[in-house]
There are 2 protein chains.
Amino acid sequence: MVARYREIKHSIQEDILSQRYRVGEKIPSERELAVQYGVTRVTLQKAMNLLEQEGFIERIHGKGMFVTKVIEDNVYMLNSGTGDSILGFSREFGQQAKITSQLISHQLILAPQPIAGQLEMQANQQVHFIRRVRLIDDVPVLIEDSWINSEVIAAIPETVLEHGSLYQYIEELTGKKIKFYNSVIEGDLFSKDLADLLSIAAGLPMLKVSGVTKLEDGTAFNYSVSYNRADMFKIKNSWVGK
Amino acid sequence: MVARYREIKHSIQEDILSQRYRVGEKIPSERELAVQYGVTRVTLQKAMNLLEQEGFIERIHGKGMFVTKVIEDNVYMLNSGTGDSILGFSREFGQQAKITSQLISHQLILAPQPIAGQLEMQANQQVHFIRRVRLIDDVPVLIEDSWINSEVIAAIPETVLEHGSLYQYIEELTGKKIKFYNSVIEGDLFSKDLADLLSIAAGLPMLKVSGVTKLEDGTAFNYSVSYNRADMFKIKNSWVGK
DNA sequence: TAGTGGTCTAGACCACCTG
DNA sequence: AGGTGGTCTAGACCACTAG
């Protein structure tokens, strides 16, 4: 069951990305688009709200809707809290570059207290602990540690960890979509052991992103921390007043 | 003109903050709340969407709506892209601590090329350049550079820069609300000159946040860059699937 | 089966902007 | 005045969860 407003959102998003609607240009009014897509304004507005939140368009009361000028960049953008693809590193960048993973560690451990809390588990339960180095075009760019509730995901094939998308595997295994990602961004310096994994010098700056991932039924199944080379990543962020 | 769904959002937000609805607890259903507030479900849902995006509640299909467990912290949180108060440092933290500013520089200059681009200005126009050190309880915690289109804001009293909220001043002066804030988060190390302004050592980690601010009529009036001590700030971020 | 959130319709009126 | 986005109503049906 795909919601109509999501289809419309993707359709208009494509029209923007393919330059059918040009940067800075006015796009048709809500009323026109509603007729085009055969829906009511309310439904169309839900689509436009998404496009606005994700920074594709700007809406100005009384004037109309305009395609946002997009700023290109030479570093990788982590789209925080927007888009369809906060759903893991593989799916986010797999289109534009060659993504690989190097599995450093994968073991079942007793959940450490703070992580059990984040995952809303009882104490003394087991979690998968996974440490991976992620590479873009064979350059190691970040380290990702994941703690995954083993009662939700019993087994994780190493082939998924090395070559596939963990989140995609989990969506297929559980039959539920990933719904929620709550993260905190911090700045820090690379310690020696982390720096060694990336073959860089200790003391270089990093962006640390940590957060809980939940399924659509509310189950918290994953807590992860990623240590990103600050010279290779930025995080984009957009706020639209109400 | 205050929208009804925003009033309802604030009302329920208050009920959560005041523990009238407890952490983890189920709150009344959409249909019940709609009756309580005398609105239709559509309007009530707009309120709940905001609360969900801002991390106050979780909604689970078929089950209900629940108050999110809030994670307290010992550092200052910059709520990226959520809440009512991305609107400047003063208004964000003025409630919980003593905020002061130290004005380092304030001059009219010709807009440098990249900044003129961000502000959608013609070349050779003047902007205010403002550098301030911000202090929380007399501890310098960040440096903020602002470039402000002088055609939008002709004059900026130094008393505002030293003691008031710049954004509040601009909203009152123009009679328009601030609507849009598009930012990019980066990690870096403090250079010597910036570190000196904060009386810290060079080479410590920072979170750098830069972005454009617009009024509700679409006017880009401000471009700013802030250099935040990474040991004192985190950025909170929440993504909710559609 | 009953209750919940998720989506959608077909209208209406308001507030803002431009000519 | 006419067009635009912003808000709201009073319904309806669907999909998911629980007992």
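All values below were derived from every heavy atom in this structure, side-chain atoms included, with hydrogens, water molecules and symmetry-related copies excluded.
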> Check every strand shown and say whether A:G38 touches a base, only sugar-phosphate, or nothing at a heavy-atom separation below 4.0 Å.
sugar-phosphate

> Hey, are A:E32 and A:R41 close enough for a salt bridge, meaning a charged N less than 4.0 Å from a carboxylate O?
no

> Hey, does B:M65 reach any base, or is it just sugar-phosphate, or nothing, if we go heavy atoms under 4.0 Å?
sugar-phosphate

> I need the CG-P distance between B:L50 and D:dT7, as an integer number of Å.
10 Å

> Between atom CG in A:D217 and atom P in D:dA15, what is the gap in whole Å?
18 Å

> To the nearest 0.5 Å, what is the distance between CD1 on B:I8 and CZ on B:R6?
12.0 Å

> At less than 4.0 Å, is any side-chain N or O atom of A:T43 found next to OP1 or OP2 of C:dT7? Yes or no.
no

> Is it true that B:E162 and B:R132 make a salt bridge, defined as a side-chain N closer than 4.0 Å to a carboxylate O?
no

> Give me the atom names and distance for the closest heavy-atom approach of B:Q126 to B:S150.
O-OG, 2.7 Å

> Let me know the distance between CG of B:L44 and P of C:dT7, rounded to the nearest Å.
15 Å

> Look at B:T40 and D:dG11 and indicate whether a side-chain polar atom (N or O) is within less than 4.0 Å of OP1 or OP2.
no

> Once hydrogens and angles are ignored, does a donor-acceptor distance under 3.5 Å link the base of C:dG3 to the side chain of B:R31?
no

> What closest approach, in Å, do B:S226 and B:L142 show between heavy atoms, and which atom pair accounts for it?
CB-CD1, 4.4 Å

> Can you identify which nucleotide, out of D:dA18, C:dT9, D:dG6, has its nearest atom closest to the B:V42 side chain?
C:dT9

> Calculate the interatomic distance between B:R59 atom CZ and C:dG5 atom P; express it in whole Å.
8 Å

> Watson-Crick or G-U wobble partner for D:dG19, using a 3.5 Å limit on both distances?
none

> From CD of A:E30 over to C1' of C:dC8, roughly how many Å is that when rounded to an integer?
16 Å

> Students often get this wrong, so: under 4.0 angstrom with heavy atoms, is A:E32 touching a base, only sugar-phosphate, or nothing?
sugar-phosphate

> At 4.0 Å (heavy atoms only), tell me whether A:E216 reaches a base, stays on the sugar-phosphate, or touches nothing.
nothing

> Grab the NZ-P distance between B:K177 and D:dG6 for me, whole Å please.
14 Å

> Charged N to carboxylate O below 4.0 Å: is that the case for A:K208 and A:E144?
no

> Can you tell me if the side-chain N/O atoms of A:K63 get under 4.0 Å from OP1 or OP2 in D:dG3?
no

> Using whole Å, what does the distance between atom P of nucleotide C:dT9 and atom OH of A:Y5 come to?
13 Å

> To the nearest angstrom, how far is B:L33 atom CG from C:dG6 atom P?
13 Å

> Does D:dT4 have OP1 or OP2 under 4.0 Å away from a side-chain N or O of A:S29?
yes

> Return the 5'-most residue of the pair A:V39, A:G62 with respect to DNA chain C, ranking by each residue's nearest nucleotide.
A:V39

> Establish, with yes or no, whether the OP1 or OP2 oxygen of C:dT7 is under 4.0 angstrom from a side-chain nitrogen or oxygen of A:K46.
yes

> Tell me if the side-chain of A:R41 makes a donor-acceptor pair with the base of D:dG6, cut-off 3.5 Å, by modelled atom types.
yes

